[in-house]
Q: 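What follows is a single structure, and I will ask about it in a moment.
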Amino acid sequence: MSQLTLVQAVQDALRCALAADEHIVLLGEDVGRNGGVFRATEGLQEQFGAERVVDTPLSESGILGASVGLAANGMRPVPEIQFLGFIYPGFQQVVAHIARMRWRSQGRYSLPLVVRAPFGGRIRAPEMHSESTETYFIHTPGLTVVVPSNPYDAKGLLLASIESPDPVIFLEPMRIYRAFRTEVPEEYYTLPLGKAAVVKEGKDVTVVAWGTLVRETLEVIRQLEREQGWSIELLDLRTLSPWDEEAVLNSVRKTGRAVVVQESVLQLGLAAEIAARVGEECLLDLEAPVVRVSSWDVPPPLFQLEDWHAPTAQRIENGIGRVMTF
Amino acid sequence: MSQLTLVQAVQDALRCALAADEHIVLLGEDVGRNGGVFRATEGLQEQFGAERVVDTPLSESGILGASVGLAANGMRPVPEIQFLGFIYPGFQQVVAHIARMRWRSQGRYSLPLVVRAPFGGRIRAPEMHSESTETYFIHTPGLTVVVPSNPYDAKGLLLASIESPDPVIFLEPMRIYRAFRTEVPEEYYTLPLGKAAVVKEGKDVTVVAWGTLVRETLEVIRQLEREQGWSIELLDLRTLSPWDEEAVLNSVRKTGRAVVVQESVLQLGLAAEIAARVGEECLLDLEAPVVRVSSWDVPPPLFQLEDWHAPTAQRIENGIGRVMTF
Amino acid sequence: MSNRVEEVPVTGHNSDGSGGKDDFFPTNPEPSVPKDFSAEELWSFYEQMVFIREFDRRLLRLQRAGRIGTYAPVEGQEACQVGSALAMRQGDFLVPTYRDSGTMMLRGIPITTVLMYWNGRLEGLQIPAGVWVFPLTISIASQLPHAVGIAWAAKLQHKDQVTLVMFGDGATSEGDFHEALNFAGLFQLPVVFFCQNNQYAISVPASRQTATETFAEKAVAYGFAGKRVDGSDVLAVYRAVDDAIAKAARGEGPTLIEALTYRYGAHTTSDDPTKYRTEGELETWRQRDPIDSFAKRLRQWGLWDDAREHRWRVQVEEKLIQAVASMEGAPPARPADLFEHLYAQIPPRLLAQQAALEKEVAQARGVAE
Amino acid sequence: MSNRVEEVPVTGHNSDGSGGKDDFFPTNPEPSVPKDFSAEELWSFYEQMVFIREFDRRLLRLQRAGRIGTYAPVEGQEACQVGSALAMRQGDFLVPTYRDSGTMMLRGIPITTVLMYWNGRLEGLQIPAGVWVFPLTISIASQLPHAVGIAWAAKLQHKDQVTLVMFGDGATSEGDFHEALNFAGLFQLPVVFFCQNNQYAISVPASRQTATETFAEKAVAYGFAGKRVDGSDVLAVYRAVDDAIAKAARGEGPTLIEALTYRYGAHTTSDDPTKYRTEGELETWRQRDPIDSFAKRLRQWGLWDDAREHRWRVQVEEKLIQAVASMEGAPPARPADLFEHLYAQIPPRLLAQQAALEKEVAQARGVAE
Ligand SMILES: Cc1ncc(C[n+]2csc(CCOP(=O)(O)OP(=O)(O)O)c2C)c(N)n1
Ligand SMILES: Cc1ncc(C[n+]2csc(CCOP(=O)(O)OP(=O)(O)O)c2C)c(N)n1
Ligand SMILES: [Mg+2]
Ligand SMILES: [Mg+2]
């Protein structure tokens, strides 16, 4: 066991994977010699060689398209997209090919590949470096979308994603790459995809979050529990598609109230789907409308205002307050 | 006045626009000499010349990216993407540039451009020709997304889109390009963007639809009214973003029941946002959960099964039945 | 067969996009039987071209009769289809487009499967085990990076496998063409880029895709060789592909081949080529017909006669009748199949949707009965 | 100024990506004052390079002190920035990247605006009226099609306007590079593609972007000329750009210019170049420093002395101090501005969100007080 940050846990998972299966290759911009712009692949090229940890040209469609071919022909590629906002030039490869190749070949060419991309905002980065556009992928049938919220989960979920016979979009919350450490076992382990984690049980309201905002939301929750005496359940979705409907719906059936907290913009962020499903399945259990706490429906701004774009602690608090006092 | 099909109305609108403003140029694959694969631009190159109706290379990112520059430097381009599924290679230009250029230049470079693309399924076309992925654009702040449901609206909405100082994604429902005719005035007219149309008033339930499904839903509604005696209100959204929340919410407040019918897949189709907003604003008015009638969460299949993927009349009927008998 | 290649010099397409200069086409290229092929091989070139043409015409008839859906015909391009397919070695990987039914069948996709595909049946997407063919790509040029990845995987796994990827003249304008060729050149991958320049991307002539004289010369930008061949000459195509494959297999990297050809028919059955092409242009190309011209040569060489012709055509006819029968005799499509093969395991949400659909189907059938 | 161009022959970059062959750089290119420039022009080349270097160093210091955010330094590339900016004519259009603060300022963007930008202020995105500069693009190569469209608009409107678009060596691997150059070549647009080959795309050396010897030669694939110039020589850059602009303005179409240069510092302030480059390589390039070498020449020509140097540096210092003061004296950012300039008219949904945010801000301030 060691105390690792999230980005170290990612690196550790990649190292475990490369050691465990020689078909795994990492590829992307600056992942080799430089060890990744966030150091997520540091030391891996030295350890596993330049054939398995490959610096590619600056070419996202090339990276993702080549990964389709690599995966279809016996390899298990783990392409990195440097920031989620730079997946857009390769978007066609993701939605028209990565998502559909198993289906399009009726099972013949499955694509065991994991697209890793740091995402989310609030790291004072330049424009296009703060995208929370998981919706594009959640809306696309055939993709699995995974987001860890802490180092332990990051390693287990990334290894599970790499083991998956199907393509996974693995989104890494940059803001907490180095924000805190947790114990991370040295050995290889996986966590199940498609399963939410109960971060904290509670009786009065269900709060659903993922990625960066899990920890921030937990802090708000603890404070509210202290100050208001409410009992708040917090679910960490971990897999955004297919998401754990059972866990969410059961929790809401129990509490009768739901809040979803996301860094995505409001319109058609995942919270919309969750709210719609909760409405469909739990209408009679609901004591209050499902509340969505999210960024506003405008692009992530230059960094001076980014903390007003993403959900502030106060916005989360207000959201929970609203559902509790409806 | 003449009786036109929807695709003729589109052509008529383009002709009016080209005649009215010399800054308007059409560009795209096969739009010139060939008059478009659906004949939407037929005769326009002859009439307005090859400088204003331009056959481009097979290059969606080039077409959309060049349109950004054209629009920023004094022209009003109307690029055509041959089918919505072929916008993906140019996706970056849409979400990172078209949507944001006014914002990124803080008002200096507005982009008066309209991206036209036929969309939707059920025309027995090959794969990738049947996409209903309006979500990608609705989720993207800065875009206006418009979908007409009949020839009269098509002309008025397209001319309004072309007049708009901001970029519009104008999605044309292929399935009804030639399905029926309506009266279409010969002169130039516009219909307001952002406003839903009340296709039919009713008291018991609000049904929201757009594009192809408006007419099909209306048929189901008429039958249900006859057979069940229900009074059903049908709204045609017309603009999917920013959508007419006021019209939808007011209608649901009145009827207490809501059904949204879409050809998109279920997960994070626009119906999710509508359901979420209705839940937020009208929870206490609701007699039943908002029902979403949509395609399943799988890719549009090869054509033999496509009529089982998109909402069938029966699925729409069941959906309305569910909300009425909850 | 030898690796000898007829290296046709790179010449320009005419400004109206009508193809290469006339002197580009060998008028009587090989007066005696070429030494680098056996008689069986020469027969098979011819026979497969005839098969593809008959297949193609059959599908057009089926389409007109409403017995299949939209179809992308290949008539005129048979030498490209056959020359490329037959030059590929066992285990080589084919990455085709919608216009390459011919090459796909020659590489192992059953005729019935291709028919099912154009008839909109999911079964048309099935690829038999041991057949190294990718699903045909509809989105232009997006398959080129796949081919690069497939070739890269072969290289990493030290497989003796070369990947051949097919595309049209229009595809060269897409970013994916560029990104794929760049990767292939940089990583020296065993891949052959086979461009069927049939002069048009739907209605847009080659002269409006690019300002260059040829497509082959674009290879310069990626540090490897581009070759232009007469796509009406099955031997020329074969030799060029054979050579490029041998080179790739020796670890000497990729080749871009531009084969000059012409589709006689419409882009697809929804297209009307009279909108953008002349009868005269079509006639010019028909005079260089890949099948007729090769038949003439075979007969000149004393390798072909009416009896053989008749026997082969009867065989082809039988095969096609059988395939159509087996397509039309297939059990009806099952709606629940919509949910199959998207994920290795159908997730709960989709299982529920599948069940809902089954109910819907039962309801519909109940009503119908 | 003349349109004469020093056409440097195209030579290869070394396999380690360390730049052109040594003999590529003119050791003492012009022993006497060049006839095609006035003294004022020569001064201004030098002065603007010094200005940009001082600006750049100032921003690095501000960044280290936490007074601005991430910054992409340009030191080493000043000859490219100045040569290109000053060769542009009034009304010509600039489409820059994040590394082109220098060129942007020379084309009319106020220093304070650039500072605001790197300090994460929306005000940093404002472009004064009459300044024909596009917002800097972050997404690599995606601005190239914009430049093509801008140039196309100029052509359609018969404006005497040429568009110059800047990008790096890495950008040449993106599909948008290809699509843009293809359009430009085909439609013969008045656009200059100006590639600053600073040898690296973050850590990836030019030799790992492409298998070609040069980037300039890629122009072949689009049917127009590519030129390679010494990007450390401001006169060479100026002449190449000036010539390309003149050619474009004459209606003779686009040019691709590859300027060989080097960034001395990190890719951005978040990067550590010691991970992927050697001190020795940096030293080699510093010896060809664009500013030092040009200072030497100016002094040789009798056009520059210590007094001038001192005067100019004092002026630059003052300008920078003022700009920093005006950045730091700006009123604090207003959260509600998040909603401005996205649409011509803020739609109702956003108005409601804006109001909600204003409440949130009031609440936060109330709590804070
Ligand atoms: C990305 C994309 N854009 C547009 C289309 C529509 N489309 C289908 S075929 C075609 C022309 C292709 O021309 P070419 O590459 O020359 O191949 P050919 O059809 O001539 O064999 C077009 C524009 C598409 N399928 N994919
Ligand atoms: C589409 C895209 N992919 C990746 C990145 C991340 N990134 C920023 S700069 C850079 C390298 C750019 O290299 P080059 O084009 O040579 O320009 P330079 O930074 O050297 O001036 C990369 C990979 C990006 N900004 N955009
Ligand atoms: Mg073609
Ligand atoms: Mg560079």
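Residue numbers start from 1 in every chain, and the chains themselves are labelled A, B, ... in the order their sequence lines are given, proteins ahead of strands. If you're wondering where the values come from, they're calculated on a predicted model, not measured in any experiment.
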Q: Under 4.5 Å from any heavy atom of chain A, what part of Leu284(B) do you find: side chain, backbone, both or neither?
A: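 When you check distances to chain A, only side chain atoms of Leu284(B) fall under 4.5 Å.
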Q: Do Pro167(B) and Thr144(B) come close enough that some side-chain heavy atom pair is under 4.5 Å?
A: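 Sidechains of Thr144(B) and Pro167(B): no contact.
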Q: For Phe137(B) and Leu84(B), work out which heavy atoms get closest and say how close.
A: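 The pair with the smallest heavy-atom distance is CE1-CD1, 3.9 Å.
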Q: Do Phe170(A) and Val147(A) come close enough that some side-chain heavy atom pair is under 4.5 Å?
A: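 In short, these two side chains do not touch, never coming nearer than 4.5 Å.
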Q: Name, in order of residue number, those residues of residues 94-112 of chain B that have a heavy atom at a distance of less than 4.5 Å from a heavy atom in chain A; otherwise write 'none'.
A: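 Within residues 94-112 of chain B, the residues under 4.5 Å from chain A are Val95(B), Ala96(B), Arg100(B), Trp103(B), Arg104(B).
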Q: Picking from Glu127(B), Arg277(B), Met128(B), His139(B), which has the most non-hydrogen pairs under 4.5 angstrom with chain A?
A: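 Counting heavy-atom pairs under 4.5 Å, the top option is His139(B).
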Q: Mind listing the closest non-hydrogen atom pair of Ser132(B) and Gly121(B) along with its distance?
A: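 What the structure gives for the nearest pair is OG-N, 4.3 Å.
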Q: Among side-chain atoms of Tyr136(A) and Thr135(B), is any donor-acceptor pair under 3.5 angstrom?
A: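 Short answer, no.
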Q: Would you check if Val168(B) and Val115(B) make a side-chain contact, meaning some heavy-atom pair closer than 4.5 Å?
A: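 Side-chain contact under 4.5 Å: no.
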Q: Against chain B, label Ser61(A) side chain, backbone, both or neither, depending on which of its atoms sit under 4.5 Å from a heavy atom there.
A: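 Neither; nothing under 4.5 Å.
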Q: Quick one: pull up CD in Glu131(B) and CG in Leu171(B) and give me the separation to the nearest 0.5 Å.
A: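 Rounded to the nearest 0.5 Å, the CD-CG separation comes out at 12.0 Å.
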Q: Roughly how far apart are Leu64(A) CG and Leu113(A) CG, rounded to 0.5 Å?
A: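 Going from the CG atom of Leu64(A) to the CG atom of Leu113(A) covers 8.5 Å.
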Q: What's the separation between atom NE2 in His309(B) and atom OG in Ser130(B), rounded to the nearest 0.5 Å?
A: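 Between atom NE2 of His309(B) and atom OG of Ser130(B) there are 10.0 Å.
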Q: Select, from Val265(A), Thr133(A), Leu286(A), Leu283(A), the one with the greatest count of heavy-atom pairs under 4.5 Å involving chain B.
A: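 It is Leu283(A).
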Q: If you count heavy-atom pairs within less than 4.5 Å of chain B, which of Cys282(A), Ala275(A), Ala272(A) leads?
A: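 Going by pairs under 4.5 Å, I would pick Ala272(A).
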Q: Is there any residue in residues 316-326 of chain B with a non-hydrogen atom under 4.5 Å from a non-hydrogen atom of chain A, and which ones are they?
A: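 Near chain A, by residue number: Phe326(B).
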Q: Please determine, among Pro301(B), Gly269(B), Gly85(B), the option with the most heavy-atom pairs under 4.5 Å with chain A.
A: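 Most heavy-atom pairs under 4.5 Å with chain A: Gly269(B).
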Q: Counting only non-hydrogen atoms closer than 4.5 Å, can you tell me which residues of residues 288-296 of chain A sit against chain B?
A: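 When heavy atoms of chain B are the reference, residues 288-296 of chain A contributes Ala288(A), Pro289(A), Val290(A), Arg292(A) within the under-4.5 Å range.
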Q: Considering non-hydrogen atoms only, spot the tightest contact between Pro311(A) and Arg122(A) and give its length.
A: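 The answer is O-NH1, 4.4 Å.
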Q: Any idea which heavy atoms bring Gln92(A) and Pro89(B) closest together, and the distance?
A: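 Looking at all heavy atoms of both residues, the shortest contact is OE1-CD, 3.3 Å.
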Q: Output the distance between atom CD1 (Ile81(A)) and atom CD1 (Ile63(A)), rounded to the nearest 0.5 Å.
A: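 Ile81(A) CD1 to Ile63(A) CD1: 5.0 Å, rounded to 0.5 Å.
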Q: Go through the atoms of Glu60(B) and report whether side chain, backbone, both or neither lie under 4.5 Å from a heavy atom of chain A.
A: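 For Glu60(B), no heavy atom lies under 4.5 Å from chain A.
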Q: Carefully, step by step, assess Val208(A) and Thr206(A) under the rule side-chain contact (heavy atoms from CB on, under 4.5 Å).
A: CA-CA 6 Å; Val208(A) 180; Thr206(A) 301; 4.1 Å; yes
Q: Is there a donor-acceptor contact under 3.5 Å from the side chain of Gln93(A) to the main chain of Gly62(A)?
A: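 Answer holds: no.
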Q: What is the distance from atom CD of Gln304(A) to atom CZ of Arg124(A), rounded to the nearest 0.5 Å?
A: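 Gln304(A) CD to Arg124(A) CZ: 6.5 Å, rounded to 0.5 Å.
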Q: What's the shortest heavy-atom distance between Leu213(B) and Thr217(B), and which atoms?
A: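 Closest approach of Leu213(B) to Thr217(B): O-OG1, 2.5 Å.
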Q: Among residues 239-264 of chain B, which ones touch chain A with a heavy-atom distance under 4.5 Å?
A: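 Hits under 4.5 Å: Ser241(B), Trp243(B), Ser264(B).
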Q: Which region of Leu268(A), side chain (C-beta onward) or backbone (N, CA, C, O), has a non-hydrogen atom less than 4.5 Å from a non-hydrogen atom of chain B, or is it both or neither?
A: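 Answer is both: backbone and side chain atoms of Leu268(A) are under 4.5 Å from chain B.
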Q: Return the option, out of Pro141(B), Gly142(B), Gly90(B), with the maximum number of heavy-atom pairs under 4.5 Å with chain A.
A: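 The residue among Pro141(B), Gly142(B), Gly90(B) with the greatest pair count is Pro141(B).
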Q: Quick one: closest heavy-atom pair of Glu29(A) and Ser59(A), and the distance?
A: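 Scanning both residues, the minimum pair turns out to be OE2-N, 3.2 Å.
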Q: When the ring planes of Tyr88(A) and Phe91(B) are compared, do they come out parallel, tilted or perpendicular, using 30° and 60° as the limits?
A: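 Perpendicular: the ring planes of Tyr88(A) and Phe91(B) meet at over 60°.
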Q: Is the distance between the ring centroids of Phe119(B) and Phe83(B) under 6.0 Å?
A: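 No.
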Q: Could you tell me the separation between the CD1 atom of Ile138(B) and the CG atom of Leu143(B), rounded to the nearest 0.5 Å?
A: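 Here the rounded value is 10.0 Å.
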Q: Is chain B contacted by the side chain of Glu281(A), its backbone, both, or neither, given a heavy-atom distance below 4.5 Å?
A: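 It is neither, since no heavy atom gets under 4.5 Å.
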